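In what follows, a single structure is set out as structure tokens and then discussed.
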Amino acid sequence: MIGGLFIYNHKGEVLISRVYRDDIGRNAVDAFRVNVIHARQQVRSPVTNIARTSFFHVKRSNIWLAAVTKQNVNAAMVFEFLYKMCDVMTSYFGKISEENIKNNFVLIYELLDEILDFGYPQNSETGALKTFITQQGIKSQTKEEQSQITSQVTGQIGWRREGIKYRRNELFLDVLESVNLLMSPQGQVLSAHVSGRVVMKSYLSGMPECKFGMNDKIVIEKQGKGTADESGKSGKQSIAIDDCTFHQCVRLSKFESERSISFIPPDGEYELMRYRTTKDIILPFRVIPLVREVGRTKLEVKVVIKSNFKPSLLAQKIEVRIPTPLNTSGVQVICMKGKAKYKASENAIVWKIKRMAGMKESQISAEIELLPTNDKKKWARPPISMNFEVPFAPSGLKVRYLKVFEPKLNYSDHDVIKWVRYIGRSGIYETRC
Amino acid sequence: MRFEYLAVRWPGLSVETVAGAMPYHGSEETVKELRRSLCNPNVQADRLRYRAVVLRVIRYMSQGLDVSGLFMEMVKAGATLDLVQKKLVYLYMCSYAALKPNLALLAINTLRKDCTDPNPMVRGLALRSMCSFRMPGISEYIQQPVLNGLRDKASYVRRAAVLGCAKMQTLQGDTEIDGAVVNELYAMLRDPDPIVMVNCLRALEEILKHEGGVVINKPIAHHLLNRMKDLDHWGQSEVLAFLVRYKTRTEDEVFTFLNVLDDFLKSSQPNVVMATTKLFLLLSEDFPNVQMDILERVKGPLLAICTSECHELCFLGLCHAREILRSSPGHFSDHYKKFFCMYSEPNYIKYQKMEILRDLVNDENVQQILEELQTYCTDVSVELAQVAILNIGRIARTYSERCVAILKGLLGLKQEHVTSAVIQTFRDLVWLCPHCTTTVCQALPGCEENIQDSEGKQALIWLLGMHGKQVPNAPYVLEEFVDNVKTETSVTVKLELITAMVRLFLSRPAECQDVLGRLLHYVIEEELDMAVRDRGLLYFRLLQQGVEEVWRVVCGPRSDPSLDVISGQASEAVSTWSKDFNTLIPIYGQEEWDRLTAQKGDSLEILQVSAVKSDEKDTSPEQREEMAVDSDSVSLETSAHLSPEQFEEYWTRLEPAKVVTVDWHKDSCPDAIQTAFQFVHIQPVAISRAGVQPWKAYLFAKNDAGPLFLIELLTVKGKRDMQITVKQENSSEPLLNNFIAVVKSVIQALGETKS
């Protein structure tokens with residue numbers, strides 16, 4: 001019998017998880033990601049045993065399907081079940097891809113509910129299932145077909161119904177970024193990347209056509225050819241996007257040919273795009289650690305943080321976490337700003353600052369008393385980690401415009417109330433000490 | 001205000017406050033936002049919007065965000081006519097019911113109402129979901145709906161109800177099994193719906209887990225046989241697995257089974273083929289000729305699986321083919337080409353195929369197989385190439401001349417990983433097949449330039465030391481190693497180097513004396529690793545004893561030649577592996593499987609359960625009556641103490657109260673026995689070491705009520721049982737019987753668990 005079934009994308013993010021038996025916990029989901037998907041080697045066997053749990057896995061294009069069990073099962077049956085699952089999904093919505101799985105999320109849960117009960121395969125015939133589960137999956141078309149349909153603007157768009165009306169046409173645009181950093185003790189950036197999302201909330205009447213513009217390097221360079229002066233200026237301000245994905249409403253063919261992002265937005269809240277950048281990242285904070293061992297029972301730690309952005313902006317919810325050795329007996333902290341506390345249960349000094357303006361610096365010094373131990377092993381010195389929130393995009397992304405056209409109704413681009421907000425947050429932001 | 005940093009505003013627009021703008025980060029805010037949407041009457045009125053919000057909740061749930069806080073709102077959302085939304089809500093409830101048992105009870109009413117819905121889809125769905133709530137105390141609410149469901153006229157509902165019985169049992173844990181339900185399920189094996197029938201088997205198996213699972217007697221077995229054709233292939237393979245349990249009475253019956261099920265051997269579904277094969281092999285255990293015939297017949301279907309397009313199935317097929325090869329070497333020899341590797345296949349398949357090819361070699365195909373393996377030796381994957389070389393080395397034990405020629409050719413590639421693997425293969429080969437030595441030695445000069453890894457170096461050094469007489473430049477090659485010893489990081493290479501130098505010194509003293517001296521000096525004076533230094537000192541002192549003595553020790557005759565690994569495998573009996581056919585064991589391998597399953601935690605769980613059960617199971621009806629009297633129940637003191645002297649005194653004073661024997665055919669493992677008995681509060685006094693004959697163990701236990709029990713366990717070599725002698729301080733017959741039941745159950749449980 002099958003204890004649980006998980007579907008992951010190639011990064012190991014869980015798309016679907018369904019647990020059938022009690023003996024499979026949530027940690028099984030992560031175990032597979034860490035041991036198989038993130039393992040940098042070739043798959044050693046299609047059946048992997050982690051902590052006495054067997055994972056049967058197959059990969060379809062970029063998608064991993066894993067069936068999990070703790071029993072000594074009939075392996076052929078489990079694999080055939082996974083194949084069957086793939087077949088059924090294909091017959092419902094075409095190719096098994098991340099996009100299709102996300103779009104047919106409900107359908108897949110319905111199918112999983114129907115095909116397996118308590119981990120035992122039940123009725124799996126597609127024909128029969130289609131009489132049970134009538135919900136229309138969204139069949140994926142080729143890009144041409146998709147763009148054709150969207151350009152028809154006849155209400156055949158899956159994500160927007162016709163006849164939407166608002167008294168006030170309004171839209172909100174949020175650029176949400178998380179900045180990740182690993183820095184050496186000497187202040188050298190070992191790795192840094194920003195993963196961002198552009199989230200939109202639209203309250204627009206009718207079937208509006210939107211065009212979204214940002215300071216994408218490729219676009220700017222194309223346009224900047226005209227005036228040399230501007231290209232010089234914009235060269236600094238444009239950003240290079242490593243990879244990005246869009247909501248299904250965006251016309252990909254147009255993006256690929258002209259790199260313009262145009263779409264008919266869904267009503268309400270949705271994620272317009274996701275992107276990742278690795279170059280020219282503005283690191284909002286620098287952490288400068290100084291650790292000195294005074295004898296065997298004392299440790300002096302001094303940490304300076306410097307904010308590196310416009311003085312007019314304020315960072316919020318700043319938290320610096322300074323790890324302490326396991327044999328710490330007492331800690332005395334002095335900080336210029338904010339509050340710092342030694343948390344014995346977490347083996348760390350946690351320093352919190354509510355707000356901090358740009359181009360400032362603040363420091364904390366701590367004296368850590370240690371219990372003498374027999375342990376000869378040196379303390380491994382985990383990195384200092386940091387959390388914060390800043391009102392700008394660390395990738396440097398700027399929204400240049402968002403134009404709305406609705407020819408049929410009598411409102412123009414100028415009548416739409418638009419809001420933009422940038423939030424940069426720390427992802428994994430670590431400085432080694 | 002939270003959004004004071006709203007920095008950019010569009011020009012030409014009036015300032016507006018963004019009341020409750022969009023929260024994205026953090027679960028708290030998300031949950032709050034979702035709750036707001038779920039409660040919004042406008043959303044609730046719009047079916048699609050309502051469903052979309054519910055969908056978002058589920059999406060967050062899949063991503064691992066804790067949205068259990070929305071339970072109330074979701075329960076409300078479940079009271080809808082929209083079946084899709086209902087399903088989503090039920091999915092949500094199944095995940096969080098255990099966390100919010102109080103709120104889940106609120107949902108029960110809705111669900112119970114749904115169980116009487118005119119639409120069978122709704123009834124089945126509600127029943128299935130309700131039984132999946134993982135929370136204690138729910139069984140009283142679901143019992144009635146499940147029982148009604150068993151008699152529902154829609155098979156869809158009955159399917160869910162039958163498995164619901166099994167879910168109920170697992171929820172309740174070790175409480176008593178409801179005989180009425182069990183009987184009903186047995187009766188439902190005759191249900192017209194095939195899936196209901198198979199579900200009954202599955203449910204019974206789970207409910208009766210501790211009593212050995214569902215009983216397959218003659219009428220049931222024959223009924224199942226007749227129904228096989230109606231089942232889908234999941235059901236077929238499951239039923240085939242259950243039929244394995246049936247013990248056929250007569251030869252005729254065996255052949256009836258074989259005839260009826262013969263078609264399934266040719267099924268298009270690999271799982272059915274495998275399950276049928278297993279059943280056939282076990283059925284024909286007493287008829288070796290029939291068994292061989294079955295193996296012959298299964299060859300085609302199994303080969304089909306091995307060449308399947310699906311890599312995973314192909315891998316399974318190969319693993320099982322290797323099992324068959326254990327009993328019937330050369331079984332697939334005529335089809336060896338099917339095991340040639342495709343370029344696009346993943347390595348795990350290639351490794352299996354190469355090992356099968358190695359086992360299939362015979363006089364006719366050796367040429368082709370070797371040529372094939374030779375092409376793998378130059379694969380881009382280093383590991384694959386090395387495995388291919390090692391496999392050629394294995395074939396060399398039988399066809400040494402050809403293989404050594406191929407291996408020598410590979411040295412010409414001058415690739416580091418290839419050379420290293422070839423040299424390692426040579427080392428193993430000359431040890432097993434001394435007649436190859438001369439050829440191997442001719443190939444050695446020049447190899448040292450292409451070896452970088454320590455395994456390869458070790459092998460080369462060993463060869464040069466052992467057979468340096470036949471390699472003209474051996475001293476000079478080793479001298480180079482000695483010159484570089486300071487930069488050598490591998491300890492094992494250094495150890496090998498010392499031994500090889502001493503060996504070579506014995507056969508070619510003139511050329512080696514100086515080098516050996518330098519090496520020993522370095523090792524003793526400068527080396528930091530203790531093991532290497534000690535080895536150096538050992539040889540140094542040995543050399544002081546005189547060359548004769550060194551010769552005797554270092555170059556003494558090797559082990560008894562009769563102990564050599566026999567080339568060509570002896571075939572094993574089919575029964576050694578047929579029981580594990582079509583399970584995970586052929587995939588993981590027996591050793592790995594034993595390692596995975598041999599965990600103390602697990603075996604203790606079994607013990608606990610069986611210790612509790614045994615009281616009811618092992619005693620006769622009369623004893624059961626007596627057990628009802630409280631004072632006779634066994635409740636042992638947790639920390640009783642008795643010194644060995646006291647024990648001895650009691651033991652000699654008391655007469656044996658009861659002597660029983662139980663089945664026991666394992667090696668006794670003192671640790672396991674000690675832990676097992678301590679688990680039920682029986683303390684050990686003395687236990688023989690494992691393997692001692694006769695094996696004895698002395699234990700004692702003290703009942704809370706007072707009486708003391710003394711136990712002796714005795715096993716004698718050759719006998720397949722264990723004698724248990726119990727002595728009791730104040731004799732009380734019923735108490736004694738109960739106590740013995742406990743002891744027996746522990747022994748049985750130990751016998752069942754793998755050591």
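The sequence lines fix the lettering, A, B, ..., with proteins before strands; numbering per chain opens at 1. Every value quoted in this text rests on a predicted model; they were computed, and no experiment measured them.
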- Of B:R159, B:K167, B:R202, which meets side chain to side chain donor-acceptor pair (under 3.5 Å) against A:D117? B:K167
- Is the A:F56-A:F81 ring centre distance short of 6.0 angstrom? no
- Which atoms of B:E238 come close to chain A, meaning under 4.5 Å heavy atom to heavy atom: side chain ones, backbone ones, both, or neither? side chain
- Query: How are the rings of A:F32 and A:Y8 set to each other: parallel, tilted or perpendicular (split at 30° and 60°)?
  - Reply: tilted
- Message: Between B:E312 and A:K59, does any NZ, NE, NH1 or NH2 come within less than 4.0 Å of an OD or OE carboxylate oxygen?
- Response: no
- Query: With distance as the sole test, does A:N215 use its side chain to make a donor-acceptor pair with the main-chain N or O of A:K398 at under 3.5 Å?
  - Reply: yes
- Heavy-atom distances under 4.5 Å only: say whether A:V29 touches chain B with side chain, backbone, both or neither. neither
- So which part of B:R128 gets closer than 4.5 Å to some heavy atom of chain A, the side chain, the backbone, both or neither? side chain
- Item | Ring centre gap for A:F118 and A:Y20 strictly below 6.0 Å | no
- Measuring heavy-atom distances to chain A, does B:S95 have an atom under 4.5 Å in its side chain, in its backbone, in both, or in neither? neither
- Of B:M274, B:Q269, B:R56, the largest count of non-hydrogen pairs under 4.5 angstrom with chain A goes to B:Q269
- Measuring heavy-atom distances to chain A, does B:A241 have an atom under 4.5 Å in its side chain, in its backbone, in both, or in neither? neither
- Do the two ring centres, one from A:Y422 and one from A:F392, sit under 6.0 Å apart? no
- Portion of B:S132 that has a non-hydrogen atom of chain A nearer than 4.5 angstrom: neither
- Just by modelled atom types, is the A:G424 backbone N or O under 3.5 Å from a matching donor or acceptor in the A:E389 side chain? no
- Query: Do you know which of B:C310, B:S381, B:P346 has the most heavy-atom pairs under 4.5 Å to chain A?
  - Reply: B:C310
- Counting heavy-atom pairs under 4.5 Å to chain B, which of A:K102, A:Q71, A:E13 comes out on top? A:K102
- Please look at A:S312 and chain B and tell me whether the side chain, the backbone, both or neither of the residue comes under 4.5 angstrom of a heavy atom of that chain. neither
- Message: Can you tell me which portion of B:L313 sits under 4.5 Å from chain A's heavy atoms? Options are side chain, backbone, both or neither.
- Response: both
- Task: Say whether B:Q85 and B:Y90, considering side chains only, have a donor N or O and an acceptor N or O under 3.5 Å apart.
- Result: no
- Item | Contact winner vs chain A - B:F581, B:Y348, B:Y351, heavy-atom pairs under 4.5 Å | B:Y348
- Message: Using heavy-atom distances under 4.5 Å, tell me whether B:H233 contacts chain A through its side chain, its backbone, both, or neither.
- Response: side chain
- Item | When A:V14, A:V78, A:N72 are compared by non-hydrogen pairs under 4.5 Å with chain B, the top option | A:N72
- Between the side chains of B:N271 and B:Q236, is a donor N or O closer than 3.5 angstrom to an acceptor N or O? no
- Item | B:I305 versus chain A, the contacting section by heavy-atom distance below 4.5 Å | neither
- Message: Tell me which of these, B:I587, B:L88, B:L91, B:D232, has more heavy-atom pairs under 4.5 Å with chain A than the rest.
- Response: B:L91
- Task: Please check if the side chain of B:D46 supplies one atom and the backbone of B:L48 the other of a donor-acceptor pair under 3.5 Å.
- Result: yes
- Query: Given a strict heavy-atom distance threshold of 4.5 Å, which part of A:T69 is in contact with chain B: side chain, backbone, both, or neither?
  - Reply: neither
- Item | Toward chain A, the part of B:L55 with a non-hydrogen atom under 4.5 Å | both
- Query: Hey, which of A:K84, A:M1, A:R21 has the most heavy atom pairs under 4.5 Å with chain B?
  - Reply: A:R21
- Task: Specify which of A:I16, A:D22, A:L15 makes the most heavy-atom pairs with chain B at under 4.5 Å.
- Result: A:D22
- Task: Would you please say whether a donor-acceptor pair under 3.5 Å links the side chains of A:N49 and B:Y588?
- Result: yes
